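Quick notes on the structure that follows.
Convention: sequence-line order gives letters A, B, ...; per-chain numbering from 1. Because the structure is a prediction, the values reported are computed rather than measured.
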Number of protein chains: 2
Amino acid sequence: MTNRTDGRTPEGGAPTRSHAPALARRRFLRLAAAGAGGAALPKLAGAGEAGPPAEYPWSQSLGAGVVDRPYGQPAAQEAGVIRRNVPWLTAGTESSISFSPIQDLQGILTPNGLFFERYHAGRVDVDPEQHRLMIHGLVERPLLLAMSDIVRFPSVSRIHFIECPANGGMEWRGAQLNSLQFTHGMISCAEWTGVPLSTLLAEVGVKPEGKWVMFEGADGAHMNRSLPLSKCLDDCLIAYGQNGEALRPEQGYPLRLVVPGWEGNVSVKWLRRIKIGDQPWYTREETSKYTDLMPDGRSRGFTWGIDAKSVITFPCPEKPLGKPGLYEVRGLAWTGNGKVKRVDVSFDGGANWQTAALHEPVLSKALTRFSLPWQWDGGPALLESRVIDETGYVQPTIADLRKVRGVNSVYHNNSIQTWQVKPDGSVFDVQTA
Amino acid sequence: MTNRTDGRTPEGGAPTRSHAPALARRRFLRLAAAGAGGAALPKLAGAGEAGPPAEYPWSQSLGAGVVDRPYGQPAAQEAGVIRRNVPWLTAGTESSISFSPIQDLQGILTPNGLFFERYHAGRVDVDPEQHRLMIHGLVERPLLLAMSDIVRFPSVSRIHFIECPANGGMEWRGAQLNSLQFTHGMISCAEWTGVPLSTLLAEVGVKPEGKWVMFEGADGAHMNRSLPLSKCLDDCLIAYGQNGEALRPEQGYPLRLVVPGWEGNVSVKWLRRIKIGDQPWYTREETSKYTDLMPDGRSRGFTWGIDAKSVITFPCPEKPLGKPGLYEVRGLAWTGNGKVKRVDVSFDGGANWQTAALHEPVLSKALTRFSLPWQWDGGPALLESRVIDETGYVQPTIADLRKVRGVNSVYHNNSIQTWQVKPDGSVFDVQTA
């Protein structure tokens, strides 16, 4: 065998590195043969050079041509991997929420078709040719921008999660729904492309007395929120791209605000107006909604931040265990404070903890994958995950949260989730304290 | 204004940092007002607190409810952003290629619906319940694995491009097609999730004489390729996930090989068989196809690697310039050798070069975005980009390549692309040497 490439030697050789975590790799080496269902080949008659014994129809026929689907779609067998809503949760579907099927998702990105939805007056179809963004108020040079103007500014792309602060809100008074999709599915993560808000604010010139910024949507709700100028000048984006393509209508096509690490409702969709002022606007969505009713009867407002949170995505109610044996426990962690630093997993309801492996890349204000091998003996177990972020913040228990916040809150439940595993492998949403 | 959050001070303040490249930000500050089309607000009668003057229909009505589309779709106005083929390029569509609309894409990810297609016997619909992966040959413990076995192994996710080595193949004998989609659209980039191939090879136990590995697809073509064991033990994945969801049928649902940084055809789709041997198989797809005919009449084989390549995506034939003024030139760079280190841009056909900004994250064997501000004076220009990767490899000109390889090649044209800009802003695919 001669070397016929440009400097690449094709012969085989010793392994140079493995991407599997070393611990996991060692312990999983006998997984398939030891009862996971993998069959040792000699059991199968007829397996030879020609391939597996069965020649399936798709191996003996011509398939569809290219551009048969110029814009593709998932396999028919994946038809159950969809967004779902809880009909009794809201009066109608136009001011409501749908949940992402995070029990079926992999990696850290959410496909655009499965990104969770939150509307205040329904999903509107905005004409990008007619759409305008107005920037005014305490500025030197108010502007009205068309989409063709906005896409000319220097652009950046950033991978960030967006979470509705109501994610897990039904759990404040106890375990409510036996489903990962419904307890944690108000979170998604995408690569956003757009113009740094700081660039547009420099363009209009914020006056010295400008301290607050109001963002308003073009939907019928005219959804609007006030944000402090400091956050606007930090890492906010005026986004028109999502995971490589134009924003989906569900996510504010053609233009939205993205406020990394803060509660989803401030990332105003179908963005049409930015006004600079010297104080917050106290809009409906920051007074009657998106505030936290405390035990003393007063409400906390402007609680924008998403604190550190994590959840085990396998096993979960929708993805039970099979026979006893070796499993990879998998999950997601995130924090609005920056990067995830560590995730611990407990199999006994928090009495003992083991540190999970974090999967690269660990990005700021983005979902982070973790995993840990687990030899399940077939007995009952209480699975929990607990994240610690780079600021040292530790994910609390629901009991910890209730001590401070009572049980009247709807928003900002970032507590540890407990999954009860029964000997038959089924998994249930429980609260242990 | 009191601080009513947990440790977050809501008042406005000085900017802490900007994500816009400093150079670009300074130079773009007057872009909108200076002729990009942005309108100074006073020109618009009636603009006031209530918002832009026009109240569009979508701002005065209730939109669609959640789960109206449980699996979403792009906006109707984006219907032109699709994969396209060149009908005369191949005898039929089942053994053919479609091109990704990279002129419309943003960031570094390709949405699954727009990932380029390459079939050898059409897109097949494989039943994941029936599908099996056989691993045999020079191994201690041959195995037949169901999908339910494979997903139990420790999983990883990696963002990698896949490029067909025929990308740009029509340009070997001269500029052929005036389109970025058709000159460079055989590349896409996704987050792949699956099992490291090294894990499965450890499971079966490769015998000491095993040096080569053959991969075979379940489609009618039984597409198969030989790879050296060293690459298989390095960074290859047996993937079932793509950008967060299951692989699309176009990409090998339910299981494919992903060989990071190597030509796309070796990343065998609908993967059904892995055989370990002591020499390559010299399959049809590594003898009559996917070899490079050299000037002396001999063919190079096993030229798997994708060397460094880049292209300017704006402006391009599909995305011309408007009036003279300040623009952000944008592009994509990649290398199968690891990470992109630097990209230079020329506006005069390669006589002078300026270094572009690389956008984070710069990942190994993934697409990397670059950009550079450009004050276009309205004169003719020849735009080029040239990438240098972390190994020091410099993207060649087509003249450089032809000196070594002649003009008989179909594959591995990674040369510098020249876009000719005319005074009316139109852009053309040209070769200057």
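Here L109(A) contributes atom CG and I159(B) contributes atom CD1; the two are 5.5 Å apart, rounded to the nearest 0.5 Å. A distance of 9.5 Å separates NE2 of H359(B) from OG1 of T193(A), quoted to the nearest 0.5 Å. A distance of 10.0 Å separates CD in Q73(A) from CD in Q73(B), rounded to the nearest 0.5 Å. With rounding to the nearest 0.5 Å, the separation of CG in N112(B) from CD in E245(A) is 9.5 Å.
Both the backbone and the side chain of V67(B) come within contact range of chain A, judged by heavy atoms closer than 4.5 Å. For S61(A), the part sitting under 4.5 Å from any heavy atom of chain B is the backbone (N, CA, C, O) and nothing else. With a threshold of 4.5 angstrom between heavy atoms, E250(B) approaches chain A through side-chain atoms but not through N, CA, C or O. The parts of R69(A) that come within reach of chain B are both its backbone and its side chain, each placing non-hydrogen atoms under 4.5 angstrom from that chain. For a residue to count as touching a neighbouring chain, one of its non-hydrogen atoms must lie under 4.5 Å from one of that chain's; by this rule E129(A) does not touch chain B.
When the candidates G241(A), P361(A), G72(A) are compared by the number of heavy-atom contacts under 4.5 Å with chain B, G72(A) comes out ahead. Interface summary for chain A: among T110(B), I97(B), V81(B), the most heavy-atom pairs under 4.5 angstrom belong to I97(B). Among P111(B), A75(B), S98(B), P249(B), the residue making the largest number of heavy-atom pairs under 4.5 Å with chain A is P111(B). Annotation: maximal heavy-atom pairing with chain B below 4.5 Å, among C189(A), G322(A), A121(A), occurs at A121(A). Interface remark: of the candidates G113(B), P254(B), S157(B), G113(B) forms the most heavy-atom pairs closer than 4.5 Å to chain A.
Nearest heavy-atom pair, V126(B) versus Q77(A), reported as atom, atom and distance to 0.1 Å: O-NE2, 3.6 Å. Minimum interatomic distance between D68(A) and R123(B) (heavy atoms only, all atoms of both residues): OD2-NH2, 2.9 Å.
Side-chain atoms of S155(A) and E328(B) form a donor-acceptor pair, as typed in the model, at a separation below 3.5 Å.
Under the rule for a ring pair (Phe, Tyr, Trp, His ring centres under 6.0 Å), the partners of F115(B) that lie at least two apart in sequence or sit in another chain are W192(B).
Judged by the 6.0 Å distance and 45° axis criteria, R83(A) is not positioned over the aromatic ring of Y71(B).
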